[in-house]
Amino acid sequence: MNKMQVPIENHHFPWDHPRFRSWIAVARACQLMQQSLSRRMTHLDIKPPHLDILVNLYRFDGITQQELARKLLVGRSNMSMLLPQLEKRGLIERRGDARDKRVLRLSLTPTGRTLTEEAMEIQTALIESSHGGTPIEDCVKVAEAMEQIIATLLKEDDLPAGG
């Protein structure tokens, strides 16, 4: 065995960690929520990454592409792929900034706003059906724990906070 290898008896497997069950549960819940949301929105022809963009534009009309990427914790290349798809469908528009010609501001079109409202109804119904049996206080505790994990990961990875 060379100096870089760790003997198996000294190696700690992820599944041996007391918090592994929580880690797996969060990952699986997230994956299943995304799958369920995708299925429920099939008739709208949008996927969760599209919905993330549309909802953020609904909430923050006129934000820049850079601000949107930061909120969604994605790179500009992801935005470069998704935004043209939404623009081509007539759901969003990019307009130049009045003060800085280098900046493009993003907004929903009327069609995009209507579609986003329909998608948000689906998302809200999914939140209610999946979380409705859980007391609000427990949901708040889970949210606070996840927000703490998010803050830790952002700090460790030196990433900007989303919104």
Side-chain angles (χ1 to χ4, degrees), residues 4-60 63-89 91-92 106 108 112-163:
M4 295 304 288
Q5 291 178 317
V6 177
I8 193 76
E9 60 271 9
N10 292 335
H11 185 73
H12 295 281
F13 295 106
W15 53 86
D16 292 333
H17 194 286
R19 291 181 175 92
F20 182 73
R21 180 175 168 212
S22 172
W23 186 78
I24 287 293
V26 168
R28 288 185 51 110
C30 182
Q31 184 177 29
L32 289 169
M33 286 291 265
Q34 294 293 317
Q35 290 172 358
S36 184
L37 186 58
S38 287
R39 276 192 309 277
R40 292 171 188 221
M41 293 190 311
T42 300
H43 68 286
L44 300 177
D45 194 27
I46 58 172
K47 304 233 179 307
H50 298 121
L51 180 61
D52 290 342
I53 291 170
L54 296 170
V55 167
N56 272 279
L57 295 183
Y58 190 93
R59 290 183 70 197
F60 308 107
I63 66 173
T64 67
Q65 193 168 320
Q66 184 177 0
E67 291 167 333
L68 180 61
R70 191 172 29 253
K71 282 185 174 300
L72 298 179
L73 300 174
V74 298
R76 286 192 313 214
S77 62
N78 281 28
M79 287 286 108
S80 304
M81 288 174 41
L82 294 170
L83 292 176
Q85 295 170 3
L86 296 171
E87 196 171 28
K88 185 177 180 181
R89 288 186 56 193
L91 302 176
I92 67 166
L106 303 168
L108 293 173
R113 189 167 195 77
T114 300
L115 182 79
T116 302
E117 288 170 350
E118 191 175 342
M120 288 190 301
E121 285 181 28
I122 293 167
Q123 185 180 35
T124 302
L126 178 57
I127 291 168
E128 184 56 35
S129 69
S130 62
H131 292 60
T134 305
I136 300 255
E137 303 79 34
D138 291 353
C139 290
V140 170
K141 286 178 189 174
V142 169
E144 289 170 349
M146 294 303 102
E147 288 163 355
Q148 185 177 4
I149 289 169
I150 290 165
T152 299
L153 291 171
L154 288 172
K155 185 176 177 183
E156 286 179 2
D157 293 339
D158 197 29
L159 294 172

For this session: Tell me, with the steps shown, if Leu73 and Leu154 meet side-chain contact (heavy atoms from CB on, under 4.5 Å).
Result: CA-CA 10 Å; Leu73 300 174; Leu154 288 172; 3.9 Å; yes
Within a strict 4.5 Å, meaning less than it, do heavy atoms of the [X] and [Y] side chains meet?
X      : Y      : value
Leu91  : Leu57  : no
Leu72  : Asn78  : no
Trp23  : His17  : no
Gln123 : Met33  : no
Arg89  : Asp45  : yes
Phe20  : Ile24  : yes
Val140 : Ile136 : yes
Arg40  : Gln35  : no

[X] side-chain N/O to [Y] backbone N/O, donor-acceptor pair under 3.5 Å:
X      : Y      : result
Glu117 : Thr114 : no
Thr124 : Glu121 : no
Ser38  : Gln34  : yes

Problem set entry | Where Leu82 and Pro49 come nearest, the two heavy atoms and their spacing | CD1-CB, 4.0 Å
Exercise. Looking at Gly112 and Thr116, what are the two nearest heavy atoms and their distance?
Worked result: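 Looking at all heavy atoms of both residues, the closest pair is O-OG1, 2.7 Å.
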For this session: Under the side-chain contact (heavy atoms from CB on, under 4.5 Å) rule, what do Ile53 and Met79 come out as? Steps first, then yes or no, please.
Result: CA-CA 9 Å; Ile53 291 170; Met79 287 286 108; 3.8 Å; yes
Let me confirm one number: the [atom1]-[atom2] distance from [X] to [Y], rounded to the nearest 0.5 Å.
X      : Y      : atom1 : atom2 : answer
Leu153 : Gln148 : CG    : CD    : 11.0 Å
Leu68  : Phe60  : CG    : CZ    : 10.0 Å
Ser80  : Gln85  : OG    : CD    : 11.0 Å
Gln65  : Leu106 : CD    : CG    : 6.0 Å
Ile127 : Met120 : CD1   : CE    : 11.0 Å
Leu108 : Arg59  : CG    : CZ    : 13.0 Å

For this session: Would you check, one step at a time, whether the test side-chain contact (heavy atoms from CB on, under 4.5 Å) holds for Ile92 with Leu54?
Result: CA-CA 8 Å; Ile92 67 166; Leu54 296 170; 3.9 Å; yes
Exercise. Stepwise, does the side-chain contact (heavy atoms from CB on, under 4.5 Å) test hold for Lys47 with Met41?
Worked result: CA-CA 7 Å; Lys47 304 233 179 307; Met41 293 190 311; 5.9 Å; no
